[in-house]
Amino acid sequence: LKHQTRHGAHGRSPVQIVKMLEGMAQQSEADGKAEAETFDKFQCDSTKTISEKGKAISELKELMASTENRIEKLTAMGSELKSKKRQLTADLEEKKGTEAESIGARENEEKTFRKQEAEMAANLASLQKALAELNEVSANPQAVSLLSTDPQVLEVTKQLESVAEEARGFLAPTAGAVAMLRQPYEQQSGGVLGTLQSVKDTYEKDLKELRGAEESQKQSHGILLQQLQSEQAELSKMLEMTQAELVSTEEELLTRKSQLAKAKADLDSESALKAEAEKILVQKTSAFEERKELRSQEATAIAKATAVLNSDAAFATFGQIKGASFVQMGAAPKQAAVVALLRRAAQENAHSARLGHAAVVAATAPLAKVIEEIETMQKVIQAEGKADNKKSAWCAAELSKNAAGQKAKTGQMDVLKSAITELDATLAGPADGLELTLKQAREDLKRNEEDQEDISFSRKSENKNYQKKVQDLQDSQKLVKTAMTVLQQYYTKLALLQGESKFGQGVLKMLQEVMDDTKSEEDAAHKTEGEAQASFEDNLALLTQSQADLKKSIFETTKEIADTKKELTEKHEMLEKTKQEKVSLAQYLADVQPDCAWLKAALAQREANRQAETTSLMEAIQLIKGTPAYQKAM
């Protein structure tokens with residue numbers, strides 16, 4: 001009330017300036033609060049982003065550690081599986097070798113048996129024919145007398161000696177039988193027949209034992225083959241399981257390595273984003289603190305000026321100068337014009353704090369100090385303009401770069417999605433996908449191996465029947481030949497007594513025809529067997545080549561599937577990384593765009609305000625320099 005009374009007596013100028021200064025202080029305080037709120041929000045968002053990036057970095061480091069540990073275990077597991085596969089392969093080949101050796105040995109044993117069996121059967125047949133001949137001779141007394149010295153009888157004796165020689169070592173009675181044959185034929189020949197019958201029984205017994213031993217060996221060999229084949233099947237199954245486990249391990253190893261590479265790339269990306277966020281936070285914090293300090297200094301200066309102008313001493317001094325305004329006290333008219341100019345400019349330029357402060361300084365400080373203060377303000381205005389232009393250029397570049405980056409990432413994502421779709425079709429296509437191709441090839445290989453087993457089994461069975469048939473035919477030929485020889489001898493001797501027998505000649509002719517037919521049938525069997533063996537070898541060669549082609553196809557397809565899966569994993573990882581990079585670009589844009597948008601909208605006005613402030617300050621300097629007091633002081 002005291003101040004208002006004094007003002008009423010001496011004019012309103014001091015009070016108006018004080019009010020203007022108070023308004024400037026309030027505006028500056030409001031601007032400071034608004035900027036502090038904006039900065040606090042930015043600081044909170046930045047701190048949150050930095051914390052999230054730090055957490056993501058920690059999680060990625062943990063993921064990398066666990067992935068590296070898994071890779072180490074998978075590598076060791078892969079080495080063990082490879083070693084196991086080599087051992088199983090070696091064991092399987094050993095079993096196959098043992099099977100082949102066993103089959104070879106069995107075939108040799110069977111050949112030896114067939115030879116012994118044929119010889120023993122032939123000798124047994126000779127004995128049977130000799131017994132029959134002796135029975136006929138014993139029934140004819142005249143023949144007994146004639147044959148006692150007949151060369152043909154001696155020939156039969158030689159045949160028996162041959163039989164005895166071949167059977168020496170296991171048919172001892174034969175030698176005695178031959179000796180008895182060399183004695184004159186008498187009615188006592190029944191003793192000879194008994195001896196030969198004993199020899200024949202021994203032959204039959206030994207032949208039966210030989211065949212029994214062969215059957216036993218064949219059964220034992222069959223059991224051995226079954227055991228070897230069972231072991232091979234088990235080894236093959238284990239080998240297949242090991243191979244599948246090895247492929248699975250190698251595929252997981254590739255996936256884990258890709259995951260590790262992706263984690264490393266993500267770690268680098270997250271670390272870079274965190275460092276960039278920290279850098280921007282530091283820069284903006286420094287700028288905010290600098291502006292905060294400037295406002296604090298401005299508020300202090302305004303407070304001091306207000307305190308000086310609003311004091312009792314100031315009003316007492318003003319009261320002694322009747323009719324004088326505030327700016328006229330102790331000031332020349334031109335200095336008052338400077339103050340008025342600055343006050344008016346401050347009001348016209350949105351209550352410019354700088355011009356208002358300059359007006360206060362011009363009203364209270366020496367002229368030299370006023371010019372110095374104005375020049376300082378001009379430097380601040382120029383620096384602020386440069387900072388705005390630099391920030392504007394930076395915003396334009398960053399926004400353009402960000403838009404181009406997001407567009408590029410979108411294009412990369414489209415390309416990766418197309419590649420992933422194509423790789424999926426390559427792997428699991430319903431018509432010609434690699435997985436379907438591999439499945440079909442494995443089924444074809446299984447059928448191929450079954451076909452090889454079938455034709456090999458059939459061939460062995462056919463060959464076995466062929467060998468038996470040929471052996472039977474050859475045995476038949478030997479028997480027929482032996483019968484023809486015995487009958488020829490008999491009918492020749494009989495012709496000496498009774499004349500030539502037409503019946504005997506007919507029998508011999510019939511036996512010769514049987515001999516020829518049997519030989520023709522043997523030749524046909526040999527030919528059929530040769531053709532069947534050739535056909536088998538051709539078919540087996542085709543199946544073997546097809547088997548090799550299928551195995552090669554399976555190997556190549558398996559590798560191609562692994563490569564495709566690896567590429568597909570990499571594409572998915574690249575797509576995910578590209579998505580994250582695009583999200584990071586969008587987040588960064590959201591962080592910087594508000595400030596950039598505000599600067600873009602306010603840049604022209606701020607530049608106009610600075611230009612007006614600069615013009616007003618230049619005019620003030622010209623007015624001050626034109627005052628007598630300034631010129632006198634200079």
Side-chain angles (χ1 to χ4, degrees), residues 67 70-86 88-89 92-93 232-233 235-266 411-454 541-580:
T67 303
R70 182 58 179 168
I71 288 174
E72 183 178 351
K73 290 182 179 179
L74 288 171
T75 301
M77 188 184 302
S79 298
E80 292 177 1
L81 289 172
K82 288 178 181 178
S83 177
K84 182 179 179 181
K85 177 183 175 182
R86 286 194 296 270
L88 287 172
T89 302
L92 182 59
E93 291 300 321
Q232 289 180 50
L235 286 170
S236 297
K237 183 178 180 180
M238 292 174 63
L239 182 60
E240 184 177 353
M241 293 173 61
T242 302
Q243 176 64 25
E245 188 176 359
L246 179 59
V247 171
S248 176
T249 300
E250 290 177 342
E251 288 179 353
E252 184 181 356
L253 184 60
L254 288 174
T255 300
R256 293 291 184 177
K257 287 182 177 179
S258 297
Q259 290 177 348
L260 180 61
K262 178 180 180 297
K264 289 180 178 178
D266 290 345
Q412 292 174 11
M413 288 167 59
D414 291 340
V415 172
L416 288 170
K417 288 177 181 177
S418 177
I420 288 172
T421 300
E422 184 176 348
L423 288 172
D424 284 335
T426 300
L427 273 177
D432 56 355
L434 290 175
E435 293 177 343
L436 181 62
T437 301
L438 179 61
K439 179 182 178 182
Q440 186 63 48
R442 285 175 172 169
E443 292 175 354
D444 291 344
L445 178 61
K446 183 179 180 181
R447 283 194 295 270
N448 179 286
E449 292 172 346
E450 291 173 351
D451 290 343
Q452 289 191 51
E453 292 179 359
D454 291 343
L542 291 174
L543 287 172
T544 303
Q545 182 60 46
S546 177
Q547 181 186 37
D549 293 341
L550 286 169
K551 287 183 177 180
K552 180 180 179 182
S553 175
I554 289 172
F555 174 78
E556 292 176 347
T557 305
T558 301
K559 183 177 183 302
E560 190 174 357
I561 287 175
D563 292 342
T564 304
K565 286 184 176 180
K566 178 183 177 183
E567 185 179 358
L568 184 60
T569 300
E570 292 173 349
K571 296 296 184 186
H572 277 293
E573 291 171 353
M574 291 172 64
L575 177 61
E576 186 61 29
K577 180 180 178 182
T578 305
K579 286 181 179 179
Q580 293 179 359

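Source: prediction; values computed, not measured.
- In this structure, CG in Asn448 is found 9.5 Å from CD in Glu450, a value given to the nearest 0.5 Å.
- Between Leu416 and Lys571, the shortest heavy-atom contact is CD2-CD, 3.8 Å.
- Using a distance-only test at 3.5 Å, with no hydrogens or angles considered, no donor-acceptor pair links the side chain of Ser553 to the main chain of Asp549.
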Trace of the side-chain contact (heavy atoms from CB on, under 4.5 Å) decision for Arg70 with Glu252: CA-CA 10 Å; Arg70 182 58 179 168; Glu252 184 181 356; 3.0 Å; yes
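- Nearest heavy atom pair, residue Leu81 against residue Thr242, reads O-CG2, 3.7 Å.
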Working for salt bridge (charged side-chain N to carboxylate O under 4.0 Å, His left out), residues Glu80 and Lys84: CA-CA 6 Å; Glu80 292 177 1; Lys84 182 179 179 181; over 6 Å; no
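- The CD atom of Glu251 lies 10.0 Å from the CG atom of Leu246; values are rounded to the nearest 0.5 Å.
- No side-chain heavy atom of Met241 sits under 4.5 Å from any side-chain heavy atom of Glu245.
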Leu239 and Leu235: CA distance, side-chain angles, deciding distance, side-chain contact (heavy atoms from CB on, under 4.5 Å) verdict: CA-CA 6 Å; Leu239 182 60; Leu235 286 170; over 6 Å; no
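- Salt-bridge check for Lys439 with Glu435: failed, with every basic side-chain N at 4.0 Å or more from each acidic carboxylate O.
- In this structure the side chain of Lys85 reaches within 4.5 angstrom of the side chain of Thr89, judged on heavy atoms.
- Within a 6.0 Å sphere centred on CZ of Arg442, heavy atoms belonging to other residues, nucleotides or ligands number 12 at most.
- No more than 12 heavy atoms of other residues, nucleotides or ligands shown are found within 6.0 angstrom of CD on Glu240.
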Test side-chain contact (heavy atoms from CB on, under 4.5 Å) applied to Glu567 and Asp563, step by step: CA-CA 6 Å; Glu567 185 179 358; Asp563 292 342; over 6 Å; no
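- Using a distance-only test at 3.5 Å, with no hydrogens or angles considered, a donor-acceptor pair links the side chain of Thr578 to the main chain of Met574.
- No donor-acceptor pair under 3.5 Å is formed between the side chain of Ser418 and the backbone N or O of Asp414.
- Interatomic distance, Thr255 OG1 to Glu570 CD, rounded to the nearest 0.5 Å: 10.0 Å.
- The structure places CG of Leu568 at 4.0 Å from NE2 of His572, a figure rounded to the nearest 0.5 Å.
- The two residues Asp266 and Gln580 have their closest heavy-atom pair at OD1-OE1, 3.7 Å.
- The shortest side-chain heavy-atom distance between Leu92 and Ser236 falls under the 4.5 Å cut-off.
- Here the straight-line distance linking atom OG1 of Thr564 with atom CG of Leu434 works out to 5.0 Å at 0.5 Å rounding.
- Contact annotation: the side chain of Thr569 never approaches that of Leu254 to less than 4.5 Å [non-hydrogen atoms, C-beta and beyond].
- At a threshold of 4.0 Å, the pair Asp444-Arg447 counts as salt-bridged, since one of the basic side-chain nitrogens sits closer than that to a carboxylate oxygen.
- By the 6.0 Å contact criterion, CG on Asp454 is enclosed, its count of non-hydrogen atoms from other residues, nucleotides or ligands being greater than 12.
- No donor-acceptor distance shorter than 3.5 angstrom exists from the side chain of Ser248 to the backbone of Ala244, with no hydrogens or angles considered.
- In this structure, the side chains of Leu423 and Leu427 stay at 4.5 Å or more apart for every pair of heavy atoms.
- A 6.0 Å sphere centred on NZ of Lys262 holds more than 12 heavy atoms belonging to other residues, nucleotides or ligands.
- For Glu449, the CD atom sits in a packed shell: over 12 heavy atoms of surrounding residues, nucleotides or ligands are nearer than 6.0 Å.
- In this structure, Glu422 places its CD atom where only 12 or fewer heavy-atom neighbours from other residues, nucleotides or ligands lie under 6.0 Å away.
- Counting only distance, with no hydrogens or angles, the side chain of Thr558 and the backbone of Ile554 share a donor-acceptor pair below 3.5 Å.
- The line from CZ of Arg256 to OG1 of Thr75 is 12.0 Å long, rounded to the nearest 0.5 Å.
- Judged purely by atom type and a 3.5 angstrom limit, Glu250 has no side-chain atom pairing as donor or acceptor with the backbone of Gly78.
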